[in-house]
Amino acid sequence: MEKAYNPQSVEAAMYKIWEAGGYFSPKMDGGKQSFSILLPPPNANADLHLGHAMYVVEDIMIRYHRMKGDPTLWLPGEDHAGFETQFVYEKYLTKEGKSRFDFEREALYKNIWDFVAANRGTMENQLRRLGFSLDWSRNIFTLDPKIIAIVYQTFKKLFDDGLVYRDARLVNYCTKDGTSFSDLEVKHVERTDPLYYMKYGPFILATTRPETKFGDTAVAVNPKDKRYKQWVGKEITVEGLLGPFKVVVVADSAIDPAFGTGVAKVTPFHDMTDFEIAKRHNLPAKQVIGFDGRLTKIAGPYAGMKVSVAREQIVKDMVARGLMDHIDNAYTHTVATCYKCGSVLEPLPLSQWYIRVKPLATQAVKAVKAKRITFVPKRFEKIANQWLTHFHDWNISRQIVWGIRIPAWKCEDCSTPEHEHWIVTQGEIPINCTKCGGTRLTQDIDTFDTWFSSAQWPYATLLSQSANPKSKILNSNQNENLKLKIENLRTKTTGTDFDTYYPTSVMETGYDILPWWVCRMIMLGLYVTGDVPFRTVYLHGLVRDAKGQKMSKSKGNAINPLKMADQYGADALRFSLVFGTAAGNDQSLSEDKIRGMRNFANKLWNIGRFIELNIAKQNLDSKESLPIHVKTLPNPQQKMLKSVFDLSINVTNKMEKYRYSDAAKKIYDFTWHVFADKYIEQSKKQLEADDTQTLAVLIDIYKTLLKLLHPFMPFVTEALYQKIPGWDRIPLIISSWPA
RNA sequence: GGUCGGUUAGCUCAGCGGUAGAGCGCUGCAUUCACAUUGCAGAUGUCGAGGGUUCAAAUCCCCCACCGACCACCA
């Protein structure tokens, strides 16, 4: 053995042994409860970052259960990451001097497909590099036809059950990225902007958006506001830049009398509140801002101007015309921006598909309250409940091509502007309209929000492994009032992953995607299968730099997990991520810490080397195991064996309670400061006298420690285990857990 | 405006009802002995402030302060 542990020389070889041996695939054992985790599918197109390295927690759970002999499945997947990936691709196009509008839909889709395909393998190999014992034989892509088929079925079922509807309302639209978003993708940022007090007929009113004035169709005051009582219901004439126009005054409780002058202009198509007011009072609406972010024809001479430019010009002109009363330049408010590109989002009127969340969320809340799902740490149960009770209806339409196209067709024959007739299928192209029999059907050009398919990941992936996924989905009529009974749902089909592994045991991911992903999986999982998608939710925190700052490429403080693995070994990186960190809490990671854990791996290595040297010294067969004669063992050795046993029990308890930091610390401390520093030192005398029993005990303890440590540091422990005398050719990865 | 975290050794953090812990750093000593990616010895904290519950509180409750995160249709 080399004097110092060199991870580079063993890690790749160990992974090859595991993968070639098929140890990542579950070993069935009828008597045992299965254990399963789905890897939160990383973006197929992107490199792994430290956030992904946190999935080491999953590998720890998986390796632990595998060693315990449970049928253990860790299922890998890759995410097409719809908008995220299209965004990256468009950036690439921009560099090439092109834009997405230079391509037909099919060509663009194919280009992105190839773009992603070119990068896919990278991510897989990075997961291997970190030692993740994923069952690659089951690896699945979110755009796999089998997944798409299930996503379609779910959509159809939701539609048939009245839980999906199409509605024209204001959406959060990014005019730069050219798509709408759900409420979750909206990032509210605080800003200081001018608040314009403009003259408005008999009133003065405050607005931040004078450029939308051309779309005003009313003026609103609070019904309790005495100052304006006499105006309610009356029509007023307002002087505008395009000449005088008339609007009505309405009373609506959405208006805060204390804000500005207590009078607000109502612009139904460009403000969420105004849209609601307009609905309540049956007001007309006019679109002043187009989907390109420029003013429409309605704006007369300002048409074609970008919003920001138009605002500046309009303010100038209003001031010149004496239409502006005064301007407050220090008004602080929050603005809705695009989480991705940072542009201000425009509320714009658009027809989209929505999921009626309430009935689904109600079931989810019930399941959580009934403890059918446990949260680690506990506090996230409350947060999940808050989300589930506050979700708005979910806009799942995206105006992009990279994703699963929505299987809905509009009948051009019987649709009217007021009432569109849509035909939803499970993917097959309809021939006739279900209502009028017409044949002029056009498919919706939008794709699903990535999260709509991600939300189905647990049952979609597991059903994909079975012969006939269709049979597993509830029929709509089986599902009245969403009162689901698990017993009725599962048609037992032996040998399918769904039957064996659903519900999965643990969902482990970052707490930052609790609402986006975890909550939605619970809702759709319950809806489609009648059972929760997982029994336990374990959430980890963000990894920050040594000073607690968020890591980012631009700041230059990002630690590259692969680089760290190359430099110090994947084991050292893995151990660093769990050592001294609590579930759900953000952590700081420094290279110093990783170095410290590398030193521990080296310590472990050198204990092995010490044993090897003593085997050689005593001229023993390094293949044969050394029996221990417990009864004749001196007291200190008996005691030591007992304390190792206690350690195993202790560590097992911690593992069962998801206390990985505690477990890691216990083994670390025992191995280094009890076993190496004290016990081995004390044994040296007997070893000098070639006492074989002493050596046998040493080896026995060492073996146990390697086992306990294996889930955390799989590479070095496996390499060492295979060097120990008496190695029975069963690799450590599938050897039995010591307690 | 709402919700949730955090505040413990120089730094980064565990612990969360029973005499203050780890990693890194620091100080001194050792060293051809498995390991300098080492060993031995050591220093360092009224566990953010105040109040309460308890035989006992860093740990539970209340209140305050300061950081941080997330949410939210104040035009």
Side-chain angles (χ1 to χ4, degrees), chain A residues 1-7 170 172 183-184 186-188 195-196 205-210 212 216 219-220 252 254-267 270-277 331-334 336 347 377 379-380 382-383 385-387 390 392 511-512 514-515 541-542 544-550 568-569 572 575-576 578-614 659-662 664-666 668-669 672-673 676-678 680-681 684 687-688 698:
Chain A
M1 279 170 79
E2 290 175 62
K3 198 169 170 184
Y5 171 52
N6 177 10
L170 296 194
N172 310 299
D183 291 342
L184 289 185
V186 178
K187 190 170 167 55
H188 293 91
L195 182 61
Y196 304 95
L205 60 78
T207 182
T208 52
R209 307 207 57 185
T212 61
D216 294 355
V219 159
D252 196 287
I255 303 302
D256 176 4
F259 183 89
T261 57
V263 185
K265 68 196 199 65
V266 179
T267 321
H270 302 288
D271 183 280
M272 301 287 183
T273 312
D274 292 3
F275 187 79
E276 294 304 314
I277 294 175
Y331 174 59
T332 306
H333 64 149
T334 52
R379 75 179 119 97
F380 286 107
K382 190 176 171 189
I383 298 174
N385 268 323
Q386 277 170 8
W387 275 110
H390 291 291
H392 297 166
Y511 66 74
D512 51 328
L514 176 65
L542 262 53
R544 300 165 176 279
D545 77 0
K547 288 176 200 145
Q549 304 253 314
K550 209 165 181 172
Y568 301 106
F575 214 65
S576 304
V578 293
F579 194 94
T581 63
N585 283 6
D586 292 354
Q587 62 165 310
S588 293
L589 183 69
S590 63
E591 203 168 325
D592 276 344
K593 187 173 179 187
I594 302 171
R595 198 178 295 124
M597 298 305 145
R598 183 271 318 261
N599 294 354
F600 178 58
N602 186 59
K603 190 68 178 179
L604 210 59
W605 179 265
N606 272 288
I607 297 171
R609 188 159 172 259
F610 178 72
I611 289 171
E612 187 191 50
L613 293 174
N614 277 284
R659 315 280 308 202
Y660 302 110
S661 170
D662 290 354
K665 273 185 169 174
K666 281 263 177 319
Y668 176 100
D669 187 60
W672 199 323
H673 302 303
D677 289 347
K678 304 252 159 59
I680 291 183
E681 289 306 318
K684 279 184 178 170
L687 289 172
E688 261 165 50
L698 220 59

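All values derive from a computational prediction rather than experimental measurement. Chain identifiers are assigned alphabetically (A, B, ...) following the order of the sequence lines, protein sequences preceding nucleic acid strands; residue numbering begins at 1 within each chain. What's counted below: heavy atoms across the whole structure, side chains too, no hydrogens, waters or symmetry copies.
The phosphate of B/rG15 has OP1 or OP2 within less than 4.0 Å of a side-chain N or O from A/R659.
If you measure from atom CG of A/N614 to atom C1' of B/rA34, you get 9 Å, rounded to the nearest angstrom. The CG-P distance, from A/L542 to B/rC13, rounds to 12 Å in whole Å. To the nearest angstrom, P of B/rU37 lies 11 Å from CZ of A/R595. Atom CZ of A/F380 and atom P of B/rC70 are 13 Å apart (whole Å). A/M597 places its CE atom 8 Å from the C1' atom of B/rA22, with the value rounded to the nearest Å. As rounded to whole Å, 10 Å separates atom P of B/rU37 from atom NZ of A/K3. Nucleotide B/rC35 holds its P atom 18 Å from the CZ atom of A/F600, rounded to whole Å.
The side chain of A/F579 sits closest to B/rG23 out of B/rG23, B/rU38, B/rG5. Checked against B/rA34, B/rG21, B/rC35, the side chain of A/K684 finds its nearest nucleotide in B/rA34.
Partners of A/H333 by ring-ring contact (aromatic ring centres under 6.0 Å, His included), not counting sequence neighbours, listed by chain and number: A/Y331. A search for side chain to side chain donor-acceptor pair (under 3.5 Å) contacts involving A/H188 returns nothing, not counting sequence neighbours. Applying the ring-ring contact (aromatic ring centres under 6.0 Å, His included) criterion to A/Y196, with sequence neighbours excluded, gives no partner residue. Every residue meeting the ring-ring contact (aromatic ring centres under 6.0 Å, His included) condition with A/Y511, not counting sequence neighbours, appears here in chain and number order: A/F380. With sequence neighbours excluded, the residues that form a side chain to side chain donor-acceptor pair (under 3.5 Å) with A/N585 are A/R379. With sequence neighbours excluded, the residues that form a side chain to side chain contact (heavy atoms under 4.5 Å, CB included) with A/A4 are A/N602. With sequence neighbours excluded, the residues that form a side chain to side chain donor-acceptor pair (under 3.5 Å) with A/T212 are A/K265. Applying the side chain to side chain donor-acceptor pair (under 3.5 Å) rule to A/E681 yields the partners A/K684; only residues at least two apart in sequence or on another chain are considered.
Using atom C1' as the reference point in both B/rC4 and B/rC47, the two lie 22 Å apart (nearest Å). When the P atom is compared between B/rG1 and B/rA14, the two are found 30 Å apart, to the nearest whole Å. For the P atom pair drawn from B/rU59 and B/rG52, the interatomic distance equals 14 Å after rounding to whole Å.
For the pair A/I383 and A/I680, both in contact range of RNA chain B, the more 5′-proximal nearest nucleotide belongs to A/I383.
The stretch residues 584-593 of chain A comes close to RNA chain B through A/N585, A/S588, A/D592, each having a heavy atom under 4.0 Å from the strand.
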Any protein N or O atoms within reach of nucleotides 39-41 of chain B? Criterion: under 3.5 Å, listing atom names and distances.
residue	atom	partner	partner atom	Å
B/rG39	OP1	A/K603	NZ	3.3
B/rG39	OP1	A/W672	NE1	2.2
B/rG39	OP1	A/D677	OD1	3.4

Protein-nucleotides 72-74 of chain B N/O pairs under 3.5 Å:
residue	atom	partner	partner atom	Å
B/rA72	OP2	A/H188	ND1	3.4
B/rC73	O2'	A/T273	OG1	3.1
B/rC73	O2	A/T273	OG1	2.7
B/rC74	O2	A/D256	OD2	3.4

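Look at A/R595 and A/D592 and you find a salt bridge, because one of the NZ, NE, NH1 or NH2 atoms lies within 4.0 Å of a carboxylate O, short of that distance.
In RNA chain B, consecutive stretches of 3 or more Watson-Crick or G-U wobble pairs with both distances under 3.5 Å are given as paired ranges: B:1-7 with B:65-71, B:10-13 with B:21-24, B:26-30 with B:38-42, B:50-52 with B:60-62.
Taking CG from A/L687 and CG from A/L698, the interatomic distance works out to 6.5 Å, rounded to the nearest 0.5 Å.
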